Amino acid sequence: SGLLIDIQFGKMIGFYALIYLVVGFLNGLFEQMFYDEDIKLPLFLIAVSDFLYGITIYFFTFLLNSDFRFTYYLNRIIVPEMIYTIVITLGVYPLLLFINHKLEAVEYLMSSRLIVLIIVFCLTSSILIGRLFYLQIVRGEDYLENYELQIRKTRTVPGTRGNIFDRNGEVIAYNELAYSVTIEDIIPTDTKTEDKNKILNDTLDSVLSIVEENGDSVIDNFGIILDSSGSYQFAETNETSRLRFVADVHGKSFIDDLTEKEKNKTAEQIVHYLCKRYGLDYSEHDAAYILKMVNMRYAMGLNSYQQWLTTVLASDVSDATAAAIMENQDSLQGVDISEDSLRRYPDGQYFASIIGYTGQISQEEYDDLSDDEKKRYSLSDIVGKSGIEHTFDSVLQGEKGKTTFYVDNLGKVTDTVSMTDPKAGNDVYLTIDKNLQISAYKLLEEKLAGIVLSKLSNVLDYDPSAEKDTKYIK
């Protein structure tokens with residue numbers, strides 16, 4: 001029977017045959033204790049054998065494939081199958097016992113109990129084949145959906161950033177709850193690059209349409225922008241920053257690793273290079289659309305397309321956008337709506353030079369971190385970029401939480417295994433007085449405006465009619 005199962009259903013010849021052989025051998029050790037009229041021992045052996053069989057299959061088929069839901073497997077497969085086998089035994093055993101008694105009349109012609117052993121063998125085989133039929137045919141589709149389409153993953157949950165107050169407890173920087181559109185790469189790793197690009201591009205195209213139809217916009221933190229004429233330009237005017245961006249695009253750790261050709265690439269050439277990598281048809285779409293798609297694909301690339309690592313596609317979206325995404329989630333593979341914290345500065349114009357601002361950590365900033373600090377940060381984290389936000393980033397940053405759960409093939413959570421809540425960051429109190437600072441700012445602004453105004457004069461010291469070409473009139 002085990003060999004038959006190996007041939008019909010097994011992935012390797014001998015796996016089930018070996019299990020059946022061991023089970024049969026262990027049952028044979030109880031032959032001296034067997035009595036025909038006592039059904040308790042056969043029932044006990046069959047139940048124990050079936051249980052051990054289920055445990056063995058779980059260990060080699062599911063546990064070694066990182067499926068640790070033993071309780072689910074025990075309640076849904078092992079116990080029901082054991083009960084099923086016992087019920088079958090209660091019906092079949094009396095019939096076999098009756099046949100055995102009839103055969104005892106001619107037992108003197110036999111030198112051994114070979115017939116009984118054959119019958120027991122047939123009984124065991126029938127029970128196992130029946131169980132196999134139940135497992136593969138009756139419940140096969142259900143098991144396929146629950147195990148092959150469910151994947152265990154772990155997601156980190158960022159902690160809430162601490163607030164910043166002045167000496168009197170007045171808020172200078174705080175967090176506001178908002179919705180963000182996120183995506184996770186849940187495409188099977190064995191998918192061809194061309195097919196994966198098509199799936200991702202179709203999904204991102206749908207997300208872009210939904211977001212813009214509801215008046216929102218996707219992320220715009222790429223190193224290339226469109227100028228007033230619709231041409232691609234580098235966002236960074238500093239040469240070192242520009243080359244750092246080019247190195248990141250080409251996957252180089254250092255600027256010196258770039259070739260001269262790569263260093264001299266224009267913004268348009270960089271976009272063309274990324275379009276080829278991402279499978280985007282540059283000729284079929286306008287520059288604005290291409291830049292938005294490259295923005296989203298590049299953001300996913302910063303996570304190295306690690307499966308189950310979340311990438312933000314649009315921040316602070318409206319309720320209408322969030323509802324539309326949720327309604328179409330079945331067709332948007334890996335896309336979800338998450339609650340996010342946005343940094344707000346109620347009086348930012350007065351404290352911008354002191355407080356600074358936050359933003360996504362860059363590759364260069366991440367590389368400058370120590371080994372211990374890199375364990376706390378990832379390339380998708382929001383960090384302080386300048387001012388107090390940067391100086392006290394380690395204080396303001398909270399501790400990340402962790403959630404372990406199962407998802408189906410659409411990325412929907414089906415079961416949460418464990419959860420560790422994130423911890424909020426510490427608040428920072430400054431020595432400055434907010435109201436005094438605002439008053440001083442306004443007073444200084446008035447004084448400067450008065451000085452500038454006093455220096456302005458409306459004097460025409462030449463005759464414009466003497467100029468033949470108007471381009472010389474200024």
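Heavy atoms only: backbone and side chains are in, while hydrogens, waters and symmetry mates are out. Computed from a predicted structure; not experimentally measured.
Between the side chains of N197 and R297, at least one donor-acceptor pair of N or O atoms lies under 3.5 Å. With hydrogens and angles left out, the side-chain atoms of S370 and D372 include no donor and acceptor closer than 3.5 Å. Looking at E268 and Y273, their side chains never bring a donor and an acceptor atom within 3.5 Å of each other. Side-chain contact, S331 with N328: no donor N or O sits under 3.5 Å from an acceptor N or O. With 3.5 Å as the limit, one finds a donor-acceptor pair spanning the side chains of S318 and D216. Between T358 and E389, the side chains place no donor N or O within less than 3.5 Å of an acceptor N or O (distance only, hydrogens not considered). With 3.5 Å as the limit, one finds no donor-acceptor pair spanning the side chains of D248 and Y298. Under the 3.5 Å distance criterion, with hydrogens and angles disregarded, no donor-acceptor pair is assigned to the side chains of S338 and D340. S209 and S206 share no side-chain donor-acceptor pair at under 3.5 Å. Residues E170 and N435 have side chains that never bring a donor and an acceptor to within less than 3.5 angstrom of each other.
In terms of modelled atom types and a separation under 3.5 Å, the side chain of D166 and the main chain of I172 share no donor-acceptor contact. Remark: side-chain polar atoms of D381 are paired, donor with acceptor, to backbone N or O of S378 under 3.5 angstrom. The closest donor-acceptor contact from the side chain of Q269 to the backbone of T266 lies under 3.5 Å. Without hydrogens or angle criteria, E262 side chain to T259 main chain gives a donor-acceptor distance under 3.5 Å. In terms of modelled atom types and a separation under 3.5 Å, the side chain of Q397 and the main chain of I382 share a donor-acceptor contact. Remark: the backbone N or O of G223 is not paired with any side-chain donor or acceptor of E236 at under 3.5 angstrom. Proximity of a side-chain donor or acceptor of E284 to a complementary backbone N or O of D281 within less than 3.5 Å is not detected.
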For D205 and N201, what are the C-alpha separation, side-chain angles and deciding distance, and is it a side-chain contact (heavy atoms from CB on, under 4.5 Å)? CA-CA 6 Å; D205 177 74; N201 292 338; over 6 Å; no
Go through I388 and F351 one step at a time and tell me if the side-chain contact (heavy atoms from CB on, under 4.5 Å) criterion holds. CA-CA 10 Å; I388 298 296; F351 302 97; over 6 Å; no
Dump the intermediate steps for salt bridge (charged side-chain N to carboxylate O under 4.0 Å, His left out) on K375 and D371, then the final yes or no. CA-CA 7 Å; K375 295 178 182 178; D371 293 337; over 6 Å; no
Candidate pair K434 and R167, rule side-chain contact (heavy atoms from CB on, under 4.5 Å), full reasoning: CA-CA 8 Å; K434 176 180 178 179; R167 63 188 302 172; over 6 Å; no
Is there a salt bridge (charged side-chain N to carboxylate O under 4.0 Å, His left out) between K292 and D286 once you walk through the steps? CA-CA 10 Å; K292 293 171 186 176; D286 58 40; over 6 Å; no
Show your reasoning for whether side-chain contact (heavy atoms from CB on, under 4.5 Å) applies to H390 and Y357. CA-CA 8 Å; H390 174 70; Y357 67 99; over 6 Å; no
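By the 6.0 Å contact criterion, OH on Y345 is enclosed, its count of non-hydrogen atoms from other residues, nucleotides or ligands being greater than 12. Surrounding CZ of F51 are at most 12 heavy atoms belonging to other residues, nucleotides or ligands under 6.0 Å away.
Counting all heavy atoms, side chain and backbone alike, A314 lies closest to S217 at CB-O, 3.6 Å. When all heavy atoms are compared, the tightest approach of M293 to L204 is CE-CB, 3.9 Å. Here the shortest heavy-atom pairing between T156 and K400 reads CB-CD, 4.4 Å. Closest approach of F222 to A235, counting heavy atoms only: O-CB, 4.4 Å.
Summarising the geometry, atom CD belonging to E327 is positioned 11.0 Å from atom CG belonging to L332; distances are rounded to the nearest 0.5 Å. To the nearest 0.5 Å, atom CZ of residue R277 and atom OG1 of residue T193 are 12.0 Å apart. Between F234 atom CZ and F245 atom CZ the span is 6.5 Å, to the nearest 0.5 Å.
Classification of the Y282-H272 ring pair by plane angle, with boundaries at 30° and 60°, yields perpendicular.
Looking at residues two or more places apart in sequence or on another chain, you find a side chain to side chain contact (heavy atoms under 4.5 Å, CB included) between Y429 and F165, D427. Qualifying side chain to side chain contact (heavy atoms under 4.5 Å, CB included) partners for L243, counting only residues two or more places apart in sequence or in other chains: E239, I255, K263. In this structure R344 satisfies the side chain to side chain contact (heavy atoms under 4.5 Å, CB included) test together with Y174, E176, D316, L342, sequence neighbours excluded.
Ionic pairing of E399 and R376 is not present here: no N-O contact between side-chain nitrogen and carboxylate oxygen is shorter than 4.0 angstrom.
Each of I337, V317, D336 was compared with I325 under the side-chain contact (heavy atoms from CB on, under 4.5 Å) criterion, and only I337 meets it.
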